[in-house]
Amino acid sequence: MVSKTEETQLSNLENQVDNGGGGAWEFLCLVRKLKVRRSEKVLKHGLSILRDPKNRSSLGPDEWTLYEQVAIAAMDCQCLNVAKDCIKVLHKKFPESKRVGRLEALLLEANGSWEEAEKAYSSLLEDNPLDQAIHKRRVAMARAQGNMSAAIEFLNKYLETFMADHDAWRELAEIYVSLQMYKQAAFCYEELILSQPMVPQYHLAYADVLYTLGGLENLQTAKKYYASTIDLTGGKNTRALFGICLCSSAIGQLSKGRNKDDKESPELQSLAATALEREYKQIAPDKLSLLSTALKSLKVSA
Amino acid sequence: MAEDLVLDTAIRDWVLIPLSVVMVLIGVLRHFVAKLMRSNQVPDAKIVKEGQVVVRARNLRASANFIPPKSFRARRLYFSNEENGLLYVPKGQAQNAQAQMFSDPNMAMDMMKKNLSMIIPQTLTFAWVNFFFSGFVAAKIPFPLTQRFRSMLQNGIDLSTVDVSYVSSRSWYFLNLFGLRGLFSLILGEENATDDTQRMMQMSGFGFDPTKSLGAEKDSLDIVQHDWALPKFEQRAEAVLRKALR
């Protein structure tokens, strides 16, 4: 997650570079530091630096880092020839390097030759069994091939050792959701909330999964997490507002027979509905009638 | 006897300044040699896993109030289960950490290398100082000292009537040894190989003792009371929405 100041800095630099104002090298350094994915821009500007021999020599030892960055960006944009050239240059300079080996395996993966890439990754892992990036590439490969169970297996084994890696937990949660294994996905989202409790996206995703699982207790918990999302985002998250309305009506439906005294906030649903209507009026006024009918049907069943 | 000895300025030119310059140069040399000699440390899988377990347990403790009570209890059991909990360390193993550190060949080699790189230049420089710069008064310390320091500071001077404030060059050497640390961190950046005093402090207590940290985490996890914060959030959300709609 990139902080706001860094985000603005990045977009400023991006605009500056796009309009021919120079500063391409700072832009590339910032992209590398923040690990953002701007492959087209990186490719364009990186190549323009590399093709000019005067610029290249002025970079000094950072030249090789730039080659690596451009190679990865090229693979992301499917310009495999560019990537191959960059990797060849790097290979000539650092023949025995593990980093270059990783790039070559990435190239094989981008080409689609899965078995060779798998073999390359396994041999790299033998040398260094604790290389996090290679583990993750293997998972990504399994997922790209559609082999979800292998991806889950790899990811679980990776998480057994590196259990504090929240990106991995997020990936696992997404895979589980795509496979409709909601209980496991809920566990992963709980891990994410534990490591970063103030990030509203995780609360929202957790609430979605709980709502999908269904059942009275889950619905009540989901409502609470939608509420926490609203609190964390200052009431601006439309999805959370919808979530509150849906949860409240579903809870009402389920507990219609029982005489459950509503100690939870009864006004939350009406407040959420009003907030939704106001937002639609501002942003998409032609859909307002749809919203009103939907909300009315929810309220009727509650 | 408070007589003032007049010290030759030549002492300052030919003793104090060259000694400092030589020590700085030796420090820089050691830093670069250490950088060259630094072996690539292959992290042990078990130690990495333990580090990550500790981080995860700490996260659990810090944000326990954000997840439902059932999940929290399940996780706490997972961590501190008597038989195969992640943080559980049987009593017998707890003592082995130090012995293990000694028997592990890589770590022993590393420590020996670090110790040697510290001891040898110090010894050589000290011997050089003693050989060349002994037998005369080198400097005067600006504040008065008791007689106890005489043997330490006035080593080459065999007159017992000289004021203790007048010291030999050996004390200048020690002063430089401890004082140049600040200068080194300026020139060489933080974390340089000449930080002897830090190393000496580390030698007394072994740094990474995984079993102890695991046990500590387990104890603190057992203490945690789960107080689910989410119900409060519903009311807060209400307040937020009310404010937004006003």
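All values derive from a computational prediction rather than experimental measurement. Labels below follow one simple rule: chain letters A, B, ... track the order of the sequence lines, proteins then strands, and each chain is numbered from 1.
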Chain A contact via Arg75(B) - which portion, at a heavy-atom distance below 4.5 Å: side chain

Contact class of [X] relative to chain B, heavy atoms under 4.5 angstrom:
X         : answer
Ile244(A) : neither
Glu191(A) : both
Phe187(A) : both

Test item: side-chain donor near acceptor, Ser195(A) and Asn59(B), under 3.5 Å: no

Modelled atom types, side-chain donor and acceptor of Asn130(B) and Tyr173(B), under 3.5 Å: no

Options Ala272(A), Pro197(A), Gly234(A), Pro129(A), ranked by heavy-atom pairs under 4.5 Å with chain B, top entry: Pro197(A)

Aromatic ring pairing Trp128(B)/Phe132(B), orientation class (parallel under 30°, perpendicular over 60°, tilted between): perpendicular

Within 6.0 angstrom of Glu217(A) CD, more than 12 heavy atoms from elsewhere: no

Most contacts with chain A, counted as non-hydrogen pairs under 4.5 angstrom, among Ala74(B), Pro68(B), Ala239(B): Pro68(B)

Centroid separation Tyr202(A) to Tyr189(A) less than 6.0 Å: no

